[in-house]
Structure formats: structure tokens, C-alpha cells
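The structure under discussion appears below in the form of C-alpha cells.
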Amino acid sequence: MTNLIHQAHAELAERGLNFAGVDQTVATTRRRSFQGSTWVLELQGELIGMATLSMPPSSVLRELSEVANVRRAAWLNQLAVHPDHRGGGHARTLFETIRDEAVRRRAVFLGLDTARPAADLHEMYVHWGFADREVIQWPGKSYDSLVMTLPLRPMPAIPGA
């Protein structure tokens with residue numbers, strides 16, 4: 001899974017965006033995967049995609065984001081599709097699986113965070129129904145991150161958002 005994440009995030013590194021997935025260790029992948037539920041996509045025995053649902057979001061994220069502290073928040077993490085398999089709807093399949101599981105778990109919304117300069121990712125998430133909620137700064141990152149949410153039931157008011 002770590003190799004897949006590295007391959008999926010390599011082009012972001014080329015753009016100067018030091019996403020965690022660019023160089024995360026196997027231990028980090030394991031920790032992030034086990035902090036939630038992880039789904040994988042395989043094609044002919046090859047791992048081509050993955051995503052993790054965390055509910056609640058990580059404690060580190062909750063320290064940075066008011067949105068992540070909302071009761072019954074679910075978070076989309078580690079979404080990765082191998083570059084050779086993009087354009088086939090695999091990311092959307094993973095997203096829909098995560099979204100459906102978040103609904104099943106009675107989450108009020110599905111959240112995610114992404115690099116503010118990654119306009120292509122932002123556009124994809126907006127297309128899926130996510131909306132911008134706040135800007136955060138992860139320690140050690142070279143960019144601001146946008147926190148985005150997709151309501152799954154009536155959204156509670158979030159102070160300052």
C-alpha cells in the first residue's frame with residue numbers, strides 16, 4: 001500500500017506539494033490505515049487503489065480543524081489510485097464506498113483535506129459534492145490545506161466556519 005501511495009502522489013511532489021503520501025513510511029501507512037477502515041481495489045492481483053475512512057478523524061487533525069471536531073464526523077484519508085489506472089472511475093468507486101459506509105455509520109458529513117494549490121483535486125472533490133469549509137496548516141507542509149465537507153444529513157453549525 002505504501003508503494004501505491006508513493007506512486008499516486010509522485011506528481012504532487014513534482015509540483016512542490018509535500019503531501020504525507022509522497023514519502024510516508026510503511027509504519028505511517030499502517031497506522032493511518034488502522035486508525036479507520038481501509039478499502040483496496042485490485043485488478044488481476046495488482047493493487048491499483050485504496051482509501052481509508054476515519055470516524056472520528058485523527059486527533060492531530062482535530063487539533064487543527066474546527067470542522068473535524070464535529071460530533072459524528074467521518075474523514076476520507078489516503079485516497080490513492082495508481083497513475084496507470086486513472087480515468088477509469090476507480091477514485092470515484094473508492095469515494096462512493098467510503099461515503100456509503102459513512103452514511104451506514106450515521107456520520108453527519110464526510111470530510112477531507114487537500115492542498116489548496118492542487119486545483120485538479122479540488123475540482124474533482126467539488127464535482128463529487130464537497131464544499132470548502134476552512135483552511136488549515138499542517139505542520140511541515142509547504143501549502144495551506146482546504147478542509148472540505150459533503151453533508152450526509154443536516155449539518156450542525158460550526159463556529160467560525
Side-chain angles (χ1 to χ4, degrees), residues 1-43 46-55 57-69 73-99 102 109-151 158 160-161:
M1 289 192 309
T2 302
N3 287 336
L4 168 66
I5 292 170
H6 289 172
Q7 291 168 332
H9 289 89
E11 69 184 55
L12 296 165
E14 291 169 8
R15 291 192 254 168
L17 301 173
N18 61 335
F19 271 58
V22 167
D23 59 1
Q24 74 186 38
T25 65
V26 171
T28 298
T29 303
R30 183 177 297 118
R31 178 182 49 75
R32 293 182 77 197
S33 296
F34 287 120
Q35 284 178 339
S37 301
T38 299
W39 283 262
V40 298
L41 290 176
E42 289 184 344
L43 181 63
E46 177 189 357
L47 179 63
I48 63 165
M50 65 172 288
T52 300
L53 172 66
S54 299
M55 189 175 173
S58 74
S59 59
V60 175
L61 179 59
R62 291 193 317 265
E63 291 174 13
L64 299 172
S65 166
E66 289 187 47
V67 174
N69 282 289
W75 219 260
L76 172 61
N77 297 304
Q78 299 196 119
L79 176 61
V81 174
H82 191 282
D84 293 346
H85 296 281
R86 292 196 181 136
H90 301 302
R92 184 169 192 103
T93 297
L94 287 161
F95 153 67
E96 289 174 350
T97 300
I98 296 283
R99 181 202 59 208
F109 66 83
L110 180 61
L112 60 82
D113 59 278
T114 192
R116 196 174 194 178
D120 53 333
L121 295 176
H122 182 260
E123 181 180 322
M124 178 179 71
Y125 298 136
V126 167
H127 181 73
W128 290 350
F130 286 85
D132 297 356
R133 293 301 295 271
E134 69 181 335
V135 176
I136 62 173
Q137 178 65 52
W138 284 93
K141 297 304 166 198
S142 60
Y143 53 84
D144 289 337
S145 289
L146 281 173
V147 171
M148 304 178 75
T149 59
L150 172 70
I158 299 169

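Side chains included, hydrogens not; waters and symmetry mates left out as well; all remaining heavy atoms used. What you see is a predicted model; the values in this text were computed from it and never measured.
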Non-hydrogen atoms of [X] and [Y] that approach each other most closely:
X: Arg62; Y: Asn69; answer: O-ND2, 2.6 Å
X: Ser58; Y: Gln35; answer: CB-OE1, 4.1 Å
X: Ala91; Y: Leu79; answer: O-CD1, 4.2 Å
X: Ala73; Y: Ala68; answer: CB-O, 4.1 Å
X: Ser54; Y: Asn77; answer: OG-ND2, 2.7 Å
X: Pro151; Y: Phe109; answer: CA-CB, 4.0 Å

Answer yes or no: is there a donor N or O on one side and an acceptor on the other, between the side chain of [X] and the main chain of [Y], under 3.5 Å?
X: Glu134; Y: Val67; value: yes
X: Ser142; Y: Gly16; value: yes
X: Thr93; Y: Gly89; value: yes
X: Gln137; Y: Lys141; value: yes

Check against side-chain contact (heavy atoms from CB on, under 4.5 Å), Val40 and Leu4: CA-CA 11 Å; Val40 298; Leu4 168 66; over 6 Å; no
Parallel, tilted or perpendicular: ring planes of Phe130 versus Trp128, cut at 30 and 60 degrees: tilted
Test item: Val147 and Val135 side chains (from C-beta on) under 4.5 Å apart, heavy atoms: no
Rounded at 0.5 Å granularity, tell me how far [atom1] in [X] sits from [atom2] in [Y].
X: Arg15; Y: His9; atom1: CZ; atom2: NE2; result: 10.5 Å
X: Met148; Y: Leu112; atom1: CE; atom2: CG; result: 6.0 Å
X: Leu53; Y: Ile98; atom1: CG; atom2: CD1; result: 5.0 Å
X: His85; Y: Leu43; atom1: NE2; atom2: CG; result: 5.5 Å
X: Trp138; Y: Asp144; atom1: CH2; atom2: CG; result: 13.5 Å
X: Asp113; Y: Leu64; atom1: CG; atom2: CG; result: 8.5 Å

Run the side-chain donor-acceptor check on residues 19-27: report pairs under 3.5 Å with partners two or more places apart or on a different chain.
residue, atom, partner, partner atom, Å
Gln24, OE1, Arg32, NH1, 3.2
Gln24, NE2, Thr29, OG1, 2.7
Gln24, NE2, Gln78, OE1, 3.0
Thr25, OG1, Ala27, N, 3.4
Thr25, OG1, Thr28, N, 3.0
Thr25, OG1, Thr28, OG1, 3.0

Candidate pair Asn3 and Leu47, rule side-chain contact (heavy atoms from CB on, under 4.5 Å), full reasoning: CA-CA 10 Å; Asn3 287 336; Leu47 179 63; over 6 Å; no
Trace of the side-chain contact (heavy atoms from CB on, under 4.5 Å) decision for Tyr125 with Leu150: CA-CA 9 Å; Tyr125 298 136; Leu150 172 70; over 6 Å; no
Chi angles and distances behind the side-chain contact (heavy atoms from CB on, under 4.5 Å) call for Asp132, His122: CA-CA 9 Å; Asp132 297 356; His122 182 260; 2.7 Å; yes
Set of side-chain contact (heavy atoms from CB on, under 4.5 Å) partners for Ala8, sequence neighbours left out: Ala80, Arg86
CD/Glu123: more than 12 non-hydrogen atoms of other groups inside 6.0 Å: no
More than 12 heavy atoms from other groups under 6.0 Å of CZ on Arg116: no
Cation over ring face, Arg99 and Phe95, 6.0 Å, 45°: yes
